[in-house]
Structure formats: structure tokens, C-alpha cells
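Structure, as C-alpha cells:
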Amino acid sequence: MPEIIEVELYRIAASATIGRRILAVDAPDAWYLKRGVSMNALVSALRGRVVDAARRHGKLLLLDLVGAASAPGAPGASVTAGAVDDGDAVTLGLRFGMTGRLIVDGIAPITELAYGSSRAERSWERFALRFDGGGSLMISDPRRLGGVELDPDEGDLGPDAYGLTAPQLAHALAGSHAPLKARLMDQTRIAGLGNLLTDEILWRAGLDPARPAGSLEGRERARLARAVTSALADLSARGGSHTGDLQSARQRGGRCPRDGTPLQRRTVAGRTTYSCPRHQR
DNA sequence: ATTGTGGCCTGCCCGC
DNA sequence: TGCGGGCAGGCCACAA
């Protein structure tokens, strides 16, 4: 599924659209538009603008759009509050849920997606930008778990998992009685970690996912910080969050790749969790 | 405030 | 061979 690693690849792909002007917006699925944005409002807010930047915060992909939006088409169109848009920059937020794929100019940066399908069905196309001079940026999402929103509140997100510092990690865990895994996946505390990455990180760190987050000692926090860094670096280099050392054993009957112990399968933080009862304490 | 739970979405896989 | 139930997890609303 798209976790921070995949969304970073999406960001790189999306950066190819920088400088292009939006000619048309396809939003065939109203359910895919979040935070109460109507199709009409979204289209008129985006059309005519130019992509200025492609950013990422955690699993949220952000497109900064500048330039005047298209003038309200029909005479008498209701734009009572619309004057705010004119000339102001807007930011388009794209979320991919578990099965969302980004396709830029017809090319998907990620072809194989854990739990997703690699097929291309027209009916799965939930949102697209068509650019002046050709080319497009499109989201294909079979399960409709992703979504699009205008001017997302980035303040709701914790520090990005890439480049997370030890003090930031310590702050994210301090004083919490929630399971360690829940805290790591809480996007308001740390942005970007999903289920697979979190299992991999805790396995590398040798920490029980169910441990109260605030119970870690200094050495354990240091180990966890190193595991976050190493897991992100290794799995990014390998090309995805599904390439972890634990991944092949992450199934019923799987054994710990480190010590051969049968892995424990349980629900922690509401998610299916695999861990080694021997070396994760 | 913090933590936990259930539901949403739907393709796919397993067992009968 | 077809069918139905369970499963996957990011995110959100809501409960305790």
C-alpha cells in the first residue's frame, strides 16, 4: 500500500508537471472529494492554474498551484465568496489510501502495489488533471480509500518520518500509554508510517508493538530511532514498503527471519500485527 | 485529552 | 466451476 516511500515516488513523478497549466479537471466521483468540496468548486478553483511545486508531508501529496483560476464560466455564476481565489495560490492535497496509484502522463511510478491491483480500469479513475499542451496527472484507486481535498491542513501532521530526529521521536512517544505501534502510526505525531513499515521498524528495533509508548528507556528509544532511519533508507533503496526483511514472513505460520521463532499474529492499534515474541520485547 | 472501536470502500483469495 | 465470506488497511466519526 502507499506508505511514505511510495508517496515519495509519487511526488517525484508529479514534479514532472511543474510549470504546466491545468486545462481541465476530471472529478467523476464526488465521494472522492473530501472536506465538503463540491465538484464545481474544485474545478473552478483549479482550472487555469499552473503547478508551482510538488511536495509531500507524510503520506499526503501536495500540489501548489498558482495563477488566477479560470473566470467563472457562466454569467451570473454564484461567486459571492469566490473572489478570494483570484490570483491566490491554492494547494491540492492528494491522499492514496491503501490502493491509490498515481499515473502521470500515462505512466505509473509504482506498478506493483501490495494489496492493490496492477490492472488499469477506466472505472477506477477517481480524479485527474489534464494539462495545457497534453499530459495528465491521474489517480487510479479501486477501493476508493484515497481522496482529494483543497488546502489541506498540514498543521494536523507530525514531523515527516524521513529525517525524523531522535528528539522528535522522543517527543512523539513521551508520556503516552498507547501501544508503541499506535503512536508510531498516529499521523499527528509522526507523518508517514503505515502498517507494514511500522512492523518492520519494530522488528528491527527489537521492540514489542504493544509496549506502552512512554515506557521506552533511553537506549530503546535510540534503537527505535536508528530502526526508523535504517528501515526507510533500506526499503526506499529497494523500492517500496513491501520490501522489508520481515515481509516474507509476515503471514500466518511465518517465522522470524532473525531467530526462527514462530511469529505472533495479533491486532495492535486496530491493525494486523506480526512480531517476534522472542526478540521483540 | 487520550485511547479504543467500528465502519467505509471493493478486489481478491480461500474453501466448499 | 461458481459462489460467499472473510480479509486487507488508511482514515474518520464516534464512544468511553
Side-chain angles (χ1 to χ4, degrees), chain A residues 1-8 10 27-37 56-62 93-102 108 110-127 139-149 152-158 160-161 171-202 209-215 240-242 244 246-254 263 265-275:
Chain A
M1 75 248 34
E3 296 186 31
I4 192 169
I5 293 171
E6 285 74 23
V7 179
E8 174 61 10
Y10 291 168
D29 186 355
W31 194 86
Y32 216 69
L33 309 182
K34 306 302 181 184
R35 296 223 305 188
V37 186
R56 181 192 55 72
H57 192 153
K59 304 174 200 172
L60 176 65
L61 180 62
L62 301 149
L94 307 175
R95 298 181 190 277
F96 298 92
M98 175 176 151
T99 56
R101 298 200 304 154
L102 188 74
I110 308 256
T111 48
E112 71 173 277
L113 203 55
Y115 305 113
S117 170
S118 57
R119 285 192 291 137
E121 294 274 348
R122 288 302 301 268
S123 61
W124 295 346
E125 297 180 5
R126 310 298 179 190
F127 181 81
I139 298 178
S140 171
D141 184 0
R143 297 183 202 178
R144 303 169 82 204
L145 288 165
V148 172
E149 65 182 296
D153 188 352
E154 298 173 55
D156 288 345
L157 295 171
D160 195 78
H171 183 256
L173 305 180
S176 173
H177 294 277
L180 182 52
K181 176 167 179 172
R183 207 68 170 184
L184 291 177
M185 290 202 305
D186 182 343
Q187 302 299 299
T188 70
R189 310 286 177 177
I190 298 169
L193 302 181
N195 200 37
L196 295 184
L197 268 174
T198 304
D199 273 9
E200 172 77 13
I201 287 165
L202 291 170
R211 278 272 297 275
S215 73
S241 55
H242 61 289
L246 178 66
Q247 186 64 28
S248 63
R250 211 178 165 285
Q251 56 184 317
R252 289 171 199 269
L263 291 179
R265 180 189 189 271
R266 59 190 156 152
T267 298
V268 178
R271 298 287 165 249
T272 301
T273 300
Y274 286 87
S275 61

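Protein chains get the first letters and strands the later ones, always in sequence-line order, with residue 1 at the start of each. All values below come from the heavy atoms of this structure, side chains included, with hydrogens, waters and symmetry mates left out.
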Among B:dG4, C:dG9, C:dC7, the one nearest A:Pro179 by side-chain distance: B:dG4
Judged by atom type as modelled, is there a donor-acceptor pair below 3.5 Å linking the side chain of A:Gln187 to the main-chain atoms of A:Leu193? yes
Nearest whole angstrom, please: distance from the P of C:dG10 to the CD of A:Glu6. 10 Å
For A:Thr188 and A:Asp156, which I'm curious about, is there any donor-acceptor pair between the side chains at under 3.5 Å? no
In terms of side-chain geometry, is the basic nitrogen of A:Asp199 or A:Arg271 positioned less than 4.0 Å from the acidic oxygen of its partner? no
Is any side-chain N of the basic residue among A:Glu200 and A:Arg250 closer than 4.0 Å to the acidic one's carboxylate O? no
Just how far, in rounded Å, is P of B:dT2 from CG of A:Asp186? 10 Å
Does A:Arg126 reach the main-chain N or O of A:Asp141 with its side chain, forming a donor-acceptor pair under 3.5 Å? yes
A:Arg250 CZ to C:dG9 C1', in whole Å, measures 10 Å
What's the CG-P distance between A:Leu173 and B:dT3, to the nearest Å? 11 Å
Flag side-chain contact, heavy atom, 4.5 Å: A:Lys181 against A:Asn195: yes
Starting from P on C:dG9, measure out to CG on A:Asp141 and report it in whole angstrom. 16 Å
What nucleotide among B:dT3, C:dA8, C:dG10 has an atom nearest to a side-chain atom of A:Arg265? C:dA8
Do A:His57 side-chain atoms and A:Gly192 backbone N/O form a donor-acceptor pair below 3.5 Å? no
Check against side-chain contact (heavy atoms from CB on, under 4.5 Å), A:Trp31 and A:Arg144: CA-CA 8 Å; A:Trp31 194 86; A:Arg144 303 169 82 204; 3.3 Å; yes
Can you tell me if the side-chain N/O atoms of A:Ser176 get under 4.0 Å from OP1 or OP2 in B:dT3? yes
Whole angstrom is fine here: how far is it from CE in A:Met185 over to P in B:dG4? 11 Å
To the nearest Å, give me how far apart CG (A:Asp199) and C1' (C:dG10) are. 15 Å
Under 4.0 Å from OP1 or OP2 of C:dC11: is there any side-chain N or O of A:Lys59 that close? yes
C:dG10 P sits how many Å from A:Arg101 CZ, rounded? 18 Å
Could I get a table of every N or O pair under 3.5 Å where one atom is in the protein and the other is in nucleotides 5-10 of chain B?
{"residue": "B:dC9", "atom": "O3'", "partner": "A:Arg144", "partner atom": "NH1", "Å": "3.4"}
{"residue": "B:dT10", "atom": "OP1", "partner": "A:Arg144", "partner atom": "NH1", "Å": "2.9"}

Let me spell it out: for each of A:Gln187 and A:Tyr274, pick the nucleotide of DNA chain C with the closest heavy atom. Which residue's pick is nearer the 5' end? A:Tyr274
Using five base pairs at each end to define the local axes, how bent is the helix from B:dT2-C:dA16 to B:dC16-C:dG2, to the nearest 10°? 40°
Residue list, side-chain contact (heavy atoms from CB on, under 4.5 Å) with A:Ser215, at least two apart or on another chain: A:Arg211, A:Pro212
